[in-house]
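Written below as structure tokens is the structure these notes are about.
Here is the naming used below: chain letters follow the sequence lines, and residue numbers restart at 1 for every chain.
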Amino acid sequence: MANEMAKAYEAKLVEDGIYESWLSSGFFTPENLPNVTDSTEAFTVVMPPPNVTGVLHLGHALENSLMDAMVRYQRLLGKKALLIPGTDHAALPTQAKVEKLLMADGIKNPRQELGREKLVEKIREFAEQSKSTILSQVKKMGTSADWSRLAYTFDEKRNVAVNELFTRMYNDGLIYRGFRVVNWSVKGQSTSSDDEIETIERASVLYTFKYSKDFPIAISTTRPETKVGDTAVAVHPADDRYTAFIGKTFNVDFAGSKLTIKVIASEEVDPSFGTGALGVTPAHSPIDFGMYEVQKAKQDPIEIIQVIGLDGKMTVEAGQLVAGQTVEKARATVVAWLSGQGLLEDSKDIIQNVGTSDRYGDVIESVPMTQWWLNVNKEIPGRGKTLKDLMRDAVTTGLNGDASQKVSITPERFTKLYLDRVNNLRDWCLSRQIWWGHRIPAWYRGEEIAVGARPEGDGWVQDEDTLDTWFSSGSWTFSTLGWPEKTSDLKNFHPTNWIQMGYEILYLWLMRMILMSSYALNQVPFNNAYMHGLLRDKDGNKFSKSSGNNIDPIEVINEYGCDALRISVLSGNTPGNDSRYYTEKVEAARNLVNKLWNISRFIIGNVGGARHVDVPSNSPINGGETSLTLADRWILARFSETAKKVSSLIDRYDFSLAIEMLRDFTWNDFADWYLEIAKIEGEKGDVLLYILERLLILWHPFAPFVTEEIYKNFNSGMIIVAKWPTVEYELSSEDRSAFDQVCSAVIAIRNYLSEHKTLPKDVESIVMVNAGVLSGMESIIGGLTKVKAIRSGEERPESITPIVVGSAQIFVQLPAVDAASEKARIESGIAEATKFIAAQESKLANADFVARAPEKVIAGERQKLADLQEKLAALQKEHAALVS
RNA sequence: GCGCGCAUAGCUCAGUUGGUUAGAGCGUCACAUUGACAUUGUGAAGGUCCGUGGUUCGAGUCCACGUGCGCGCACCA
């Protein structure tokens, strides 16, 4: 195998082949892993299913890097590691996309022209086709998912789960059909839940007017066009200005409508806003609808008039002046009418927050409709808890106070956000007026309603609506494992152990998964949730099609390799925080991967091929006398420290720091120090191979491809199922300090030469006086500094100013020395040492410090002072010699 | 209005429970290099850790207030 490795790592040439070999190994399926038994601990992660019609973007690259690193790490630990892949039918965006394509093909109104069955079939075809695109791209990321368990939010099995869940919730009285104001997107022609609304600021005008000349109260609104639907005016019950009118009813002629306005009292009215009186439009405002319901409960009802239609135009009920007009047009019409009548008292510009559809972008209209809802405040029969309670318990005490049924969110601050939201949660509107999705399993015949399977008998018609896509996503952790069947998968792999997702879907998804799983299984969906931030471009902007800054991860992979992309998106990325993507980072990661490749190439080429080394043959672990050198002992211990550190960092989900530790060890300790020493000391096959093999394993979760490729040289099977290294070596404090001194000496000599602008080859000789631990290290120090003529001795050469390292004085004989610059060098050294000694002394002179600080800290400070004093003394001696 | 986050080198960011002279990568500058690697090596420069006050023997780290930026929620009549 020696010398067969290419000069540089060419990711492009090997990645696809390696992925194929993983697939054919079967190791993505946990049951196929070596040495697993029924009792082997499982580690399960479900993949947040990418949108079936989407293409891979950098966000996916981050997600796949995160979850695959975690799963590969767990697999290397010997667990039954399972990553369940899947795709999302993404109801609304998918239908919208296909409709758009059809319209481009000349089908102007796809829903009308094709009808339900044909359109759904078109969407299904399209979805199936593009599903394979996104899946192949996920594979390009190296994701080690169990494709034999591939799921789809809209396949038959998931449909069974969704229907079962809906039916159970209906039978428990949690799902109900109710008439109330919903969030309506005119553009999308569908309802949306509160969580799918994004509020934006926009300029608006606040108009103040009276309905008619003889109406006693002026009101303020930004939506005058809706006032044709007003049926009441609400005032604060304690507002003296208006209390006299409460309970009275007025008939007014307003903008072409005859309105009956009742004055009602409501605590919700803010007397200080506008005129302190609120025109109540029950049909087109959730708050006003609330008042409508309160009045109804008080048996003092007010009317409800729908004046905006589902098409966003004013209805016939709005009166002939505005009927048929768009909302915007009607607004202008009503304002014009008001000023014409002299009713307009004031209009002022304000900045207003309005809700928009996060999918369609249009302003959400509130309209009254009968829809399906999930009640989050009702006690679940037999459980004594509401869904809200379950959602709360899951992140605090654990379900039923069971700590093993608790979700820990990383970073923790999101827990508070989650709890705040849970406390303010309102009933969830489940039904959507689109066709691409799980159809609501409700059947109607006249006044009869049946939920679940289609009832026996004729005349039953299924509900036209489909379910909110998050209803099926919410059951993802257990629907993928076979629920509602009592499968062994559910038993073995649920609750899942860990999940990662972007914080932007904390409410939409994480919350729903907790709700669904807690309800259906009395289990949390996962024990740990890792929230990652947004990946932004180098200037901190969001990636988006419209701003043209999109980056295709596949192109990045083709240019730099998948491992480089994975490392670059994970490094510098901390939980919950956004991070930036830029090319230099990928280049740096590519260089790192190549460095690892070249280290391996050098080692394998130099020791006559790779082989597994259980324990270095000259290691003390073998029992016998050790022939390990100081450098060997140091690097073995450093490796053990690194392995330990990396493990605990991944256990803490600190992928970024884990990579940094690995990089530091690989590049600095192993390549720059130890490999250079190994060239000098020679005969390092065992130690080098021992470390290399294990180092590749440590890198594998982050750089799966290059490590698998190099590992082939070891003929030890595949690295994907290798064994995570255990900690074996420790460094004695004597060794540690000795090696530190060797390094310090090397660095000091290099510095000295650099300061004197002298090349190592021009140095005549180096003599180390009072060498201490440095004696015996001459060849290493000489090799690393590239100065051949180096020795230890007791006789100090004449007229040279030495470098001081610890107690040793190192005399570097240069061809020519400028006495003045030498003096300056020594003096600056003295000045620096003096400064720090003063600082140390004052610290130690502080009685409070000595009295209160821990002994360990004080001892450290004393040692520091002693070292500095020793150094200063040596420098002063040299200085005296120089000036004499 | 309520709440959360962030502010550390030119840039992007680390910095665990308070304890060396505050770190990394990239960038910059100087030098080196025919032997694993120019996808390299060696060295250097570069920081009032946003401000003010406090707690402490000791604060980048904890507390309070302030400033700037970002975000969530509510109001949005």
Expressed as a whole number of angstroms, how long is the span from [X]:[atom1] to [N]:[atom2]?
X: A:Leu535; N: B:C13; atom1: CG; atom2: C1'; value: 14 Å
X: A:Glu587; N: B:U39; atom1: CD; atom2: P; value: 10 Å
X: A:Ile659; N: B:U12; atom1: CD1; atom2: C1'; value: 15 Å
X: A:Ile350; N: B:C75; atom1: CD1; atom2: P; value: 15 Å
X: A:Leu592; N: B:A24; atom1: CG; atom2: P; value: 16 Å

Distance-only donor-acceptor test (3.5 Å): side chain A:Glu755, base B:A30: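 No pair found.
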
State whether [X] places a side-chain N or O below 4.0 Å from either non-bridging phosphate oxygen (OP1 or OP2) of [N].
X: A:Asn591; N: B:U40; answer: yes
X: A:Arg652; N: B:U16; answer: no
X: A:Arg580; N: B:C13; answer: yes

Look through every strand shown and name the nucleotide pairing with B:C2 as Watson-Crick or G-U wobble, where both distances are under 3.5 Å. B:G72

Counting the atoms with a prime plus P, OP1 and OP2 as sugar-phosphate, which does [X] contact under 4.0 Å by heavy atoms, base, sugar-phosphate, or nothing?
X: A:Ile747; result: sugar-phosphate
X: A:Arg223; result: nothing
X: A:Thr574; result: sugar-phosphate
X: A:Asp672; result: sugar-phosphate
X: A:Gly279; result: sugar-phosphate
X: A:Lys856; result: nothing
X: A:Thr281; result: nothing
X: A:Ile287; result: sugar-phosphate

Can you work out whether A:Asn668 or A:Phe602 has the more 5'-proximal nearest nucleotide on RNA chain B?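 Looking at RNA chain B, the more 5' nearest nucleotide goes with A:Asn668.
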
Of A:Val354 and A:Arg590, whose closest RNA chain B nucleotide lies nearer the 5' terminus? A:Arg590

Would you mind telling me which of [options] lies closest to the side-chain atoms of [X]?
X: A:Tyr507; options: B:U21, B:G72, B:G5; answer: B:G72
X: A:Asp420; options: B:C37, B:G3, B:C73; answer: B:G3
X: A:Leu417; options: B:G72, B:G19, B:U16; answer: B:G72
X: A:Gln352; options: B:A77, B:U42, B:A44; answer: B:A77
X: A:Arg421; options: B:U21, B:C4, B:C73; answer: B:C73
X: A:Ser754; options: B:G19, B:C31, B:G43; answer: B:G43
X: A:Glu584; options: B:G19, B:C26, B:C37; answer: B:C26
X: A:Lys595; options: B:A77, B:G41, B:C75; answer: B:G41
X: A:Asn751; options: B:G72, B:U39, B:G43; answer: B:G43
X: A:Lys843; options: B:U21, B:A77, B:G25; answer: B:U21

Describe, in one word, how the ring planes of A:Phe215 and A:Tyr211 are oriented to each other, choosing from parallel (under 30°), tilted (30 to 60°) and perpendicular (over 60°). perpendicular

Near-ring test A:Tyr292/A:Phe289, centroid separation under 6.0 angstrom: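 Judged by ring-centre distance (under 6.0 Å), A:Phe289 and A:Tyr292 do meet the cut-off.
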
Where A:Gly274 and A:Ser220 come nearest, the two heavy atoms and their spacing: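 That would be CA-OG, 3.8 Å.
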
Exercise: do A:Asp194 and A:Asn183 side chains pair donor with acceptor under 3.5 Å: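 On atom types as modelled, these side chains qualify, holding a pair under 3.5 Å.
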
